[in-house]
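This is a predicted model, so every value here is computed, not measured.
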Amino acid sequence: MKKIAIVLLTLLFPLLSFGQFVPPQQQSQAEIELAVRKLMMATVMTNAYYVDSTNVNKLVEDAINGMLGKLDPHSAYSNPKDTKTLNEPLQGSFEGIGVQFNMLEDTLFIIQPVTKGPSEKVGILAGDRIVTVNDTTIAGVKMSREEIMKRLRGPKGSKVVLGIKRSGIKDLVYFTVVRDKIPVNTLDAAYMVTPTIGLVRFSSFGQTTRDEVAKAVSELKEKGMQSLIIDLQQNGGGYLNAAAEIASLFLPKNDLIVYTRGRAVPTQEFRSTGDNLFDGKIVVLIDEYSASAAEILSGAIQDQDRGLVVGRRSYGKGLVQRPVELPDGSMIRLTIAHYYTPTGRCVQKPYEMGNKEAYNKDVLNRLNSGELTNVDSMKAHIPDSLKYQTLREHRTVYGGGGIMPDYFIPLDTTQYTKCYRELSAKSILINANLHYMDKQRKKLAKLYPTFKQFNEQFEIPADVISDIFKEAEKQKIQPKDEEEKTKTIEQMKLTLKALAARDLWDMSEYFEIIYQDNEMVRKAVELLSTNP
């Protein structure tokens, strides 16, 4: 029977349809079919006759991963579970109970319920702890975060009973929550840095990002915004169409935003639809982790002389992936083209086929070479072939991978003390914030009814700082001298104040505080305040 199956598979294979797939010209259809027959026969024979039992799905996944692993660094395979997880942040929603949370001493601590979400509707509050989920205890049992998420999420309309421990109430309080679609917002912050300069920050380019940014910019205009900072620091990218849609909010109609070019696909141009949402001055912030769609947007703003770019050379991810959905819900993301900015710069940095390890060390290599702390030496060695002229003002911009900023801001490797980094890495700071807010949330809300009052008047109490150092001493963390201790305390106070603002309000307030110490934001404000 197994031999018959093998023969049937081999004979039937030439009849399989690949839709609109066009085989490469240098290989004949017969050569392709022979190669795929070999792969199929190897899979069937291994599964049928190997000395030990095998898992055919695992064999196929390993074969796909092996194939894609020999290509560029961004062609990849994801199984059905990972595919769903990867797509959720960009698709704009997932199904669950709707809470922002953190883990405090093996207990799920609710930072905020999602506004108008299913948990808020039944009365769950910030500061509540989820102890049980459908009679299963999840607190104090060292359950993994993934396992907890699995129990809380579920299809829209399904019910889950949560046992809640609430401050001031002895017994558990039980809530029946009906799961629903929970929006995933990509906009992190939108606020006025000065009376005339606004800032928007978003973490990725998803299906809803254009509308989120448009709404935020419109609201900032109503507050008097005349100039805008677009913060793309650590923005890993997302959908190409989202980048084009956001660029269209700021570029004149028909301006080229980006074009793609590949061997087997036609060249495609993306041009501005000219939405004209905002025509004031713009500065874009990027760093070495700004990638993909973030590079498309910053490259278009720079090449079209619509604004200035501040920061450090971006990541250099300029490869276009086409998602190929497989029957079991898994997916291949196959690279089919390169991105090019309006001046013709290829965004993709150099790479060696099949060598992902070296590719992933690129940022570390930049640090070790000094590029992240001093860009002048690198610019001096860029050949003329990688120098381009912007389209309106004919300024020099640079190719070779990533977007080179107009104004370089070096990475300050001494910004945070060694003591502060250790406190942060071991979660001492975040746990101190959670404990403090658990006890003081109601009091702080009464003392500071507005964020303006909080920002101007609030300071982290000395006993909180003292308790942090006591915990640090238990974990053998201590500053080397008084100078480091003083600097660490300054950094801790700013971070803890920002975290408290996040818990009382939202992420915009967090960034408004934490960016008081951000050199890129300061430079952007300087440029927008002085440039004509």
Side-chain angles (χ1 to χ4, degrees), residues 1-21 23-24 27 29-91 94-96 133-134 136 138 141-155 158 160 179 236 319 321-336 351-360:
M1 181 65 71
K2 290 179 180 177
K3 290 183 179 179
I4 294 173
I6 295 170
V7 173
L8 284 174
L9 285 170
T10 305
L11 292 174
L12 285 171
F13 185 77
L15 302 178
L16 296 177
S17 170
F18 287 90
Q20 297 182 358
F21 171 74
Q27 291 181 296
Q29 184 68 34
E31 288 176 312
I32 295 172
E33 291 178 359
L34 178 60
V36 180
R37 279 200 197 100
K38 285 170 62 177
L39 180 61
M40 179 177 284
M41 289 186 68
T43 303
V44 173
M45 291 296 292
T46 301
N47 186 59
Y49 294 109
Y50 183 65
V51 62
D52 296 320
S53 60
T54 61
N55 182 324
V56 69
N57 290 326
K58 181 69 165 52
L59 289 175
V60 171
E61 287 189 351
D62 288 345
I64 295 172
N65 280 317
M67 186 189 314
L68 298 178
K70 298 298 183 182
L71 303 179
D72 67 276
H74 295 291
S75 290
Y77 167 82
S78 56
N79 61 38
K81 179 181 176 183
D82 290 342
T83 298
K84 183 178 180 181
T85 301
L86 287 167
N87 286 338
E88 276 178 353
L90 295 179
Q91 290 178 341
F94 65 90
E95 295 174 349
V133 179
N134 288 337
T136 299
I138 66 168
V141 294
K142 297 191 181 299
M143 185 178 290
S144 70
R145 191 184 185 100
E146 183 182 37
E147 184 63 28
I148 291 173
M149 292 290 288
K150 187 189 300 182
R151 294 176 184 277
L152 294 177
R153 290 189 177 184
S158 62
V160 59
R179 297 184 179 99
L319 297 174
Q321 278 75 51
R322 173 177 289 175
V324 181
E325 297 181 4
L326 302 178
D328 64 347
S330 60
M331 180 179 288
I332 291 173
R333 288 175 169 83
L334 187 67
T335 297
I336 60 168
Y351 62 89
E352 179 185 345
M353 294 280 279
N355 192 349
K356 290 187 180 181
E357 184 178 355
Y359 185 82
N360 292 334

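Expressed to the nearest 0.5 Å, how far CD of E33 lies from NZ of K38 amounts to 14.5 Å. We find the CD1-CZ distance between I336 and R322 to be 4.0 Å, quoted to the nearest 0.5 Å. Note that the CZ atom of R151 and the OG1 atom of T136 stand 4.5 Å from one another [nearest 0.5 Å]. One finds the CD atom of Q29 at 11.5 Å from the CG atom of L34 (value rounded to the nearest 0.5 Å).
With sequence neighbours excluded, the residues satisfying salt bridge (Lys or Arg N to Asp or Glu O under 4.0 Å) with E357 are K361. With sequence neighbours excluded, the residues that form a salt bridge (Lys or Arg N to Asp or Glu O under 4.0 Å) with K150 are E147. N65 meets the side chain to side chain donor-acceptor pair (under 3.5 Å) test with no other residue; sequence neighbours excluded. In this view, P327 satisfies the side-chain contact (heavy atoms from CB on, under 4.5 Å) rule with no residue, not counting sequence neighbours. Take R179 and apply the salt bridge (Lys or Arg N to Asp or Glu O under 4.0 Å) test, not counting sequence neighbours, and it matches no residue. Applying the side-chain contact (heavy atoms from CB on, under 4.5 Å) rule to D328 yields the partners P80, L326, S330; only residues at least two apart in sequence or on another chain are considered.
Looking at every heavy atom in both residues, S75 comes nearest to L68 through O-CB, 4.1 Å. The minimum heavy-atom distance linking L71 with M67 is given by the pair CG-O, 3.7 Å. Among all heavy-atom pairs drawn from K356 and P73, the shortest one is CE-O, 3.6 Å.
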All N/O donor-acceptor pairs, side-chain side in residues 50-57, below 3.5 Å, sequence neighbours left out:
{"residue": "T54", "atom": "OG1", "partner": "N47", "partner atom": "OD1", "Å": "2.9"}
{"residue": "N55", "atom": "OD1", "partner": "N57", "partner atom": "N", "Å": "2.9"}
{"residue": "N55", "atom": "OD1", "partner": "K58", "partner atom": "N", "Å": "3.2"}

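Y77 pairs in a side chain to side chain contact (heavy atoms under 4.5 Å, CB included) with only one of the listed residues (V324, I64, T83), which is I64.
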Please assess I148 against V133 for the test side chain to side chain contact (heavy atoms under 4.5 Å, CB included), listing each intermediate value before the final yes or no. CA-CA 9 Å; I148 291 173; V133 179; over 6 Å; no
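Note on residues 70-80: no pairs pass salt bridge (Lys or Arg N to Asp or Glu O under 4.0 Å), not counting sequence neighbours.
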